[in-house]
2 protein chains.
Amino acid sequence: MTDLFPDKGHDHGRCIDSALHQAETVAEANNARFTDMRRRVFTLIWQSHKAITAYELLDALQGEGVRAQPPTVYRALEFLVGLRLIHRIESLNAYFGCDMPDCEHLGQYFICRNCGRVAEAVNEDMSRAVRAAAGAVGFKIEATTIEIKGLCHDCAAH
Amino acid sequence: MTDLFPDKGHDHGRCIDSALHQAETVAEANNARFTDMRRRVFTLIWQSHKAITAYELLDALQGEGVRAQPPTVYRALEFLVGLRLIHRIESLNAYFGCDMPDCEHLGQYFICRNCGRVAEAVNEDMSRAVRAAAGAVGFKIEATTIEIKGLCHDCAAH
DNA sequence: GACGAAATGATATAATATAACACTTCAACA
DNA sequence: TGTTGAAGTGTTATATTATATCATTTCGTC
Ligand SMILES: [Zn+2]
Ligand SMILES: [Zn+2]
Ligand SMILES: [Zn+2]
Ligand SMILES: [Zn+2]
């Protein structure tokens, strides 16, 4: 059984480094400025594999001594979502880091209600089924939200 | 091509009547009281095939001369969602009426960004794909949110 | 009719998100 | 290298969505 969710003992510092590196690359490729504030917010989002809300980010920023207000956070989030460096989880009003921002994808999100972690899958069967269902009724897809809530493998075991 | 969305010229009064009738039945079967306030909210939701927000419902109630406050609306919504008489669209923070409340289902929602209508599908291929993807990673599903935004057949044609 | 549970009323407030305008930064260009 | 215009951020205010809490009413059961 392959678990989408990262191993308990994994070196999360490497997740963060990798995410930052990819973000730099994507921003550059899009001629977008990965400013200090955007980097701060992005790094905060990547502190865990959980989703984090805008106001949790705001608190974290203020905890770091940054004088930020809600619009600052929402602007950074808008930028990061726009570049698909992070994704918004609609059912949580929260955001989490994408670990494959360099390839276009319609992701599906598995959300564990126990440990709070979010994992992104890109499952072609699911995508195909969605496209087929839409095609059958003449619906032109522009965006999809697929969020699956429950218990991750670890949490289900306990 | 079968369109999920109702025909422009359909008799919407029949949609409302049918929904009300089904709701009565479901409530009774669940030993739940379909009170006046709940019926009002339910009927307002069914005024169209669009999703409607809690505060739009509140305004509509007040427009009818009902002295209602937010909790009144949210309580009615909670009740109706609980019985699956309506569904919440997470990506819109809005609610719309289910037209098959008597059979358990994990629905998928097509949302037209142009006309605002929402249509519910129960597509076994999609459901199966979701279950398979979850099974493959040992994830225990408790709830799914599948929302597909774009243009309905009618709106895509114009 | 008395009782307790469920529903609703009423007030306050929490949580999430955006509008508007001022100021700063930065890259491009003269 | 100074000018300039666009992009980014600061700041204040406010809009939108949702819930906590306690008082009162309604309703079925006894
Ligand atoms: Zn990690
Ligand atoms: Zn978990
Ligand atoms: Zn109708
Ligand atoms: Zn449409």
Side-chain angles (χ1 to χ4, degrees), chain A residues 23-24 26-45 50-83 85-96 116 145 147, chain B residues 23-24 27-45 50-62 64-83 85-96 116 145 147:
Chain A
E24 308 266 15
V26 168
E28 187 159 5
N30 285 82
N31 249 316
R33 286 162 55 195
F34 199 56
T35 61
D36 183 56
M37 184 57 77
R38 289 164 177 173
R39 178 192 314 273
R40 276 178 189 284
V41 170
F42 183 77
T43 304
L44 285 169
I45 290 171
K50 300 179 187 180
I52 186 170
T53 69
Y55 278 79
E56 285 168 350
L57 287 166
L58 183 57
D59 286 349
L61 281 175
Q62 291 172 343
E64 289 181 347
V66 179
R67 252 239 288 279
Q69 296 307 130
T72 303
V73 174
Y74 280 101
R75 283 168 186 151
L77 290 172
E78 183 182 22
F79 172 86
L80 296 168
V81 168
L83 281 188
L85 296 172
I86 64 173
H87 298 297
R88 173 177 165 87
I89 305 295
E90 297 290 348
S91 59
L92 299 178
N93 296 331
Y95 302 81
F96 92 113
T145 300
E147 300 172 6
Chain B
E24 307 266 15
E28 187 159 3
N30 284 81
N31 247 317
R33 286 163 55 197
F34 199 57
T35 62
D36 183 55
M37 185 58 78
R38 289 164 178 172
R39 178 194 313 273
R40 275 178 189 284
V41 171
F42 183 77
T43 304
L44 284 170
I45 290 170
K50 301 180 187 180
I52 186 169
T53 69
Y55 279 79
E56 284 168 351
L57 287 166
L58 182 57
D59 285 350
L61 280 176
Q62 291 173 342
E64 288 181 349
V66 179
R67 252 240 285 281
Q69 295 309 127
T72 302
V73 174
Y74 280 101
R75 282 170 186 148
L77 290 171
E78 184 182 20
F79 172 87
L80 296 168
V81 167
L83 282 188
L85 295 174
I86 63 171
H87 299 298
R88 175 177 162 85
I89 305 296
E90 297 290 349
S91 60
L92 298 178
N93 297 330
Y95 302 82
F96 91 113
T145 299
E147 299 172 5

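Checked against salt bridge (Lys or Arg N to Asp or Glu O under 4.0 Å), A:E90 has the following partners two or more places apart in sequence or in another chain: A:R88. Not counting sequence neighbours, B:Y74 has no partner by the ring pair (Phe, Tyr, Trp, His ring centres under 6.0 Å) test.
To the nearest 0.5 Å, atoms CD1 (A:I86) and CG (A:L77) are separated by 5.0 Å. Atom CD1 of B:I45 and atom CG of B:L80 lie 5.5 Å apart (nearest 0.5 Å). A distance of 14.5 Å separates OH of A:Y95 from CG of A:L44, quoted to the nearest 0.5 Å.
At a non-hydrogen distance threshold of 4.0 Å, B:R33, B:T35, B:M37, B:R38 from residues 29-38 of chain B come into contact with DNA chain C.
As a whole-Å value, the separation of B:L77 CG from C:dA7 P is 15 Å. With rounding to whole Å, B:E90 atom CD is found 12 Å from C:dA17 atom P. Straight-line distance from the CG atom of A:L58 to the C1' atom of C:dT18: 14 Å, rounded to whole Å. Counting to the nearest Å, the P atom of D:dA6 and the CZ atom of A:F79 are 19 Å from each other. In this structure, A:L57 places its CG atom 15 Å from P of C:dA15, rounding to the nearest Å.
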Its contact letters, B for base, S for sugar-phosphate only and - for none at protein heavy atoms under 4.0 Å, make nucleotides 11-23 of chain D read BB----BBBBB--
Please list every donor-acceptor pair under 3.5 Å in which a side-chain atom of residues 50-59 of chain B meets a protein atom from a residue at least two apart or in another chain.
{"from": "B:T53", "atom 1": "OG1", "to": "B:E56", "atom 2": "N", "distance (Å)": "3.1"}
{"from": "B:E56", "atom 1": "OE1", "to": "B:T53", "atom 2": "N", "distance (Å)": "2.9"}

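Relative orientation of the B:F42 and B:F34 rings is perpendicular, given thresholds of 30° and 60° on the angle between their planes.
Here side-chain hydrogen bond (donor to acceptor under 3.5 Å, both in side chains) pairs that include residues 31-42 of chain B, with residues two or more places apart or in two chains, are B:E24-B:R39, B:D36-B:R40, B:R40-B:E64.
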